[in-house]
Amino acid sequence: MVSQRFCGPEDAARTSETYRVLRVVVPGRAQHRGQEDIKPGWQEASRCEEPVFTASLMENDAYDRIGDEPPNYEETSFSGGTTSNGNGTGNGEHRAVRLSVVSAFGHDTLDRVPNINFYRNAGSVSGNRAVRPSLQELHDVFQKVSVCVRCMLNIWGVMLFIRLSWVFGQAGWGLGIVVIALSCVVTTVTGLSMSAICTNGVVRGGGAYYLISRSLGPEFGGSIGLIFAFANAVAVAMYVVGFAETVVDLLKENDAIMIDELNDIRIIGCISVVLLLGISVAGMEWEAKVRHYTTLLYNHQFDTPTESPFRITLSPTVKIFMENLPPDFRDGETFFSVFAIFFPAATGILAGANISGDLKDPQDALPKGTLLAILITGVTYLGIALSATVVRDATGNINDTIATGMDILVPFCNGTNIAACEQGWNFSSCDVNSCKFGSMNNFQVMTMVSGFGPLITAGTFSATLSSALASLVSAPKVFQALCKDNIYTALKFFAKGHGKNNEPIRGYVLTFIIAVAFIIIADLNVIAPIISNFFLASYALINFSCFHASYAKSPGWRPAYRYYNMWLSLFGAVLCCGVMFVINWWAALLTYAIEIFLYVYVTVKKPNVNWGSSTQAVTFVSAVNNALSLTGVEDHVKNFRPQCIVLTGAPKNRPALLDLAHCFTKNYGLCLTSYFQSWLPKTLNNVKASGLGRLKPNILMMGFKKDWRTADTAGVQSYVGVLHDAFEFEYGTVVLRMNQGLDISHIIKAQGEYTHTHAHTHTHQCIKYSSLWACDINRAGLTLLLPYILTTRKKFKDCKMRIFIAGQPGRAEQDRHEMKSLLEKFRIKYADIHVIDDITQNPNSNSWKMFEDMIEPFRLHEGSKSTTLAEALRKDNPWKISDAELDTFEEKTNLQVRLNELLQENSRAANLIIVSMPIARLGSVSDHLYMAWLDILTKNLPPTVLIRGNHKSVLTFYS
């Protein structure tokens, strides 16, 4: 900003004038940005304490907005010169400025010099109102987090400085390149998949958990969220242990070991993680500042040996380079065990995704920053590793030399360090005793090969602490996002945030505890494979998420990032799983066992979330494809299963009926509910049109019309019409009757709410016995199958089924044997078989009188009237029961009354009775007589189910 002081009123008036920036070019002086000399354009400084400047106000459209909208910061070029016109352009040279930065008097600033447009009213007609950036906007511009830098800082971590040389020592630079290349392949494919997912919508906080849960659903997301948060917590320990190792090496060089190396690592690690916890708890601003100042400092200069006994590099030669080409695995290490130790160096690719909620435009920043970080760090790893020429074993003693004459070297130089021997170094003792130096023995090779060792040490401190701080922040945030979704209700405690940034303080404490537990291990080579295992599992699911979403072909899958391939993502998922098992098969099995357990837990708990996952899309596509494929398959008796349409009215009003239907279908058949006021032809068409292809109802279920005697004639005709139409269209028919009735709407109305406990109260409580009455065994297929299905359900598992059949007098034992043989062929279990051979007897007088009283209001009694009057009565009341009709169906009527007597005699103690339903021919039996049959058959009985098949076989004993 330019400080100005006006000398008088006439000078103050000059504020309405424009200012001119005078840029003076000094001969012989290089002109750089910010090095312009400003000379006063108004030369009356003697009258004032400070010079006053005149300049032309440069118009910047990026800040001029109508109304109160905030400014849109754009990259704008400004010019300066010896002269300037009114629009801010001059004849001088142009120079570019940083994004959203305006040059004012040679300084980069976001603020603007005074302008009259800043003070206009919003509705001014003389000019447009311009809005100056607020202090918060000025502050936020410099608080933007770079995804690329954050990812690189995480990747350039502990492995770069204190394990990369060991990796190339074990694997050689031949397989070492393969280790780095394999890591880059895994991370690149994962980065492509992650970019596709990130650009398919707004990405919020939660990192890998958010990506996977919103793609594959809470089942996968919940399991991997816990594992990923745990992996980040363990990563804190890994980075801190790496930092502590470097500090202990410095203490050892200066003979300042406190206790011993192992315990010193633990002490320093615990102290370090406490300090990092304090920084994290202080808030994101402090964390960002610390990460900003822990700049990555490293240098890889190489020079010839010095007099230091710790120098273990030699002059770079082709022989040493070729000597390090083949692998030299020691201490039980293999290619994949070395890979497991190195792989955490590549896990920083999710650092950007972990803070996705804090990014201004994650859809653009995450793909570009992540992939660029993978490219830069991959090239860096290869460049640093291949440019170092370090022998695998060295004594560290500068006196271990030999003469350099060829005559002496030829017979003397043999063993593992021939190249070092040819340069005059005698490291032969390393073949017998363990040496302390060399790429295989000393982890501080980077410090020793650099031109200035302390710079590498500072870089190690910076990288390890920066990565530890990033992981310490990421783990609680991922865990907090998981807990906020309430997938695991027991973890809701950790969802609470504190402060204006909603900091997960409780998550920080939990992460701190986990980190300290692993710091106690104090061995980087033990901690790293654990992290590799968990991160590979996370990467596998990220890749699978991208493949799954692409495979589902949901219209909602429209990623802005197009450079991905679903099959490449699937390859990445398989690659990650394969590498996990090759590294450590039992650890991989344990990881997936944990995932499966958490998956099953979430599936059973069914959290109340719906994120539109690809799992839902694939389920829908599979259902449609399977339904279409069934259209070309003919029904077979072996595959018959109940598919019910239940006439419940409002389902909550008749829960017992719906509960019984669910017991028939469970999750293996179709169960639909329907509501109708009166039975009309179009209602039947709607019922017949229900379902999809082969997935259509084959059984009609309804409740018994208990009030048929008081209902109007149309209501009874409508009810019986349902049954007749079901028979005509070959639906199986099931009618449920309960003495207390099925409709509990009055209870719901009285209580004001519906609870599912009523459904169980009205249905089958503690079913111990059920009675099956099959009057016509030749047509009792569905009457046998449905009770058997009930016995396979949990609430009926202790039910014992007794079967009653009608038999002929004198053939009871033969009928029982035939029925027993048939049931054994059908493989249907039963408790007992009863043959009723007196079913044709006439009912007693009391039962018959009860039936006559039941139908009395609906009889014509035309036999006691004149012919003319009888004809008139039949014409006026065609729905009433005539004497001729009663005479015609007297035997069938007697059978229903007699069956009721037998049911009360044999099955009054049963919890559920299943009876073959009588059928009435349409037009021959009046509606009220048929209703009387059903009523007298089921009167004063426990819950009774009337079943009638559809004249198709539903049972077979053929395989």
Side-chain angles (χ1 to χ4, degrees), residues 678-679 702-728 733 735 737 739 773 775-776 779 806 808-809 836-905 915-941 944 946 948:
S678 60
W679 190 255
M702 57 194 307
F704 178 73
K705 189 172 180 62
K706 188 179 180 181
D707 62 342
W708 67 274
R709 284 187 289 176
T710 58
D712 58 359
T713 303
V716 175
Q717 290 176 341
S718 176
Y719 181 84
V720 177
V722 174
L723 298 176
H724 284 306
D725 287 336
F727 298 147
E728 180 180 353
T733 307
V735 176
R737 178 174 184 177
N739 284 332
W773 290 72
C775 299
D776 187 354
R779 298 181 180 178
Q808 299 178 6
I836 308 297
D837 55 4
D838 58 348
I839 196 171
T840 57
Q841 293 181 3
N842 290 328
N844 60 49
S845 57
N846 292 332
S847 300
W848 183 254
K849 185 177 186 308
M850 182 171 56
F851 176 76
E852 287 184 334
D853 293 342
M854 188 182 296
I855 63 174
E856 179 63 29
F858 311 106
R859 295 187 59 181
L860 280 174
H861 291 291
E862 77 279 9
S864 60
K865 299 179 176 62
S866 64
T867 304
T868 305
L869 182 59
E871 289 295 333
L873 288 174
R874 277 195 291 267
K875 184 177 181 181
D876 294 338
N877 302 285
W879 50 272
K880 285 195 173 184
I881 305 171
S882 65
D883 293 340
E885 182 183 2
L886 281 177
D887 294 338
T888 303
F889 297 102
E890 181 181 2
E891 182 179 350
K892 198 163 188 177
T893 302
N894 289 338
L895 177 62
Q896 312 311 319
V897 180
R898 175 61 179 159
L899 274 175
N900 180 261
E901 292 178 351
L902 294 172
L903 286 167
Q904 294 194 45
E905 179 182 341
V915 188
S916 295
M917 178 189 293
I919 187 170
R921 183 174 299 176
L922 182 63
S924 300
V925 179
S926 63
D927 296 335
H928 284 80
L929 178 59
Y930 184 59
M931 289 300 300
W933 288 354
L934 301 182
D935 194 352
I936 195 63
L937 176 62
T938 58
K939 194 173 184 63
N940 299 325
L941 292 175
T944 305
L946 301 174
R948 189 73 184 188

Between [Y] and [X], is there a side-chain heavy-atom distance shorter than 4.5 Å?
X	Y	result
Thr938	Val915	no
Asp838	Pro809	no
Leu886	Ile855	yes
Val735	Leu934	no

As an exercise, state the distance from [atom1] of [X] to [atom2] of [Y], rounded to the nearest 0.5 Å.
X	Y	atom1	atom2	answer
Leu922	Leu723	CG	CG	11.0 Å
Met931	Arg709	CE	CZ	10.5 Å
Met917	Phe727	CE	CZ	5.5 Å
Thr713	Asn877	OG1	CG	8.0 Å
Leu895	Leu902	CG	CG	9.0 Å
Leu860	Asp876	CG	CG	10.0 Å

Q: Sequence neighbours left out, what passes salt bridge (Lys or Arg N to Asp or Glu O under 4.0 Å) with Glu901? Give chain and number order.
A: Arg898
Q: Just jot down the salt bridge (Lys or Arg N to Asp or Glu O under 4.0 Å) partners of Asp853, sequence neighbours excluded, or say none.
A: Lys849
Q. Can you list every side chain to side chain donor-acceptor pair (under 3.5 Å) pair that touches residues 919-932, not counting sequence neighbours?
A. Glu885-Ser926
Q: Give a yes-or-no answer on whether the side chains of Gln896 and Asn900 include a donor-acceptor pair shorter than 3.5 Å.
A: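 Absent: no donor and acceptor within the cut-off.
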Q) What pair of heavy atoms forms the shortest contact from Ala920 to Trp933, and how long is it? A)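 For Ala920 versus Trp933, the nearest heavy atoms are CB-CZ3, 4.3 Å.
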Q | Nearest atoms (heavy-atom pairs only) where Gln904 meets Lys939 | A |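 Heavy atoms only, the tightest pair is NE2-O, 3.8 Å.
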Q) Under the 3.5 angstrom rule, does the side chain of Asn739 hit a backbone N or O of Leu941 as a donor-acceptor pair? A) yes
Q) With distance as the sole test, does Ser718 use its side chain to make a donor-acceptor pair with the main-chain N or O of Ala714 at under 3.5 Å? A) no
(Q) Check this for me: does any side-chain nitrogen of one of Asp707 and Lys705 sit under 4.0 Å from a carboxylate oxygen of the other? (A)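 Yes, Asp707 and Lys705 are salt-bridged.
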Q: Dump the intermediate steps for side chain to side chain contact (heavy atoms under 4.5 Å, CB included) on Thr888 and Val925, then the final yes or no.
A: CA-CA 10 Å; Thr888 303; Val925 179; over 6 Å; no
Q.
Run Asn894 and Trp848 through side chain to side chain contact (heavy atoms under 4.5 Å, CB included) and show every step you take.
A. CA-CA 8 Å; Asn894 289 338; Trp848 183 254; 2.9 Å; yes
(Q) Could you walk me through whether His861 and Glu856 satisfy the side-chain hydrogen bond (donor to acceptor under 3.5 Å, both in side chains) test, starting with their C-alpha distance in whole Å, then the side-chain angles of each, then the deciding distance to 0.1 Å, before giving a yes or no? (A) CA-CA 9 Å; His861 291 291; Glu856 179 63 29; 2.9 Å; yes
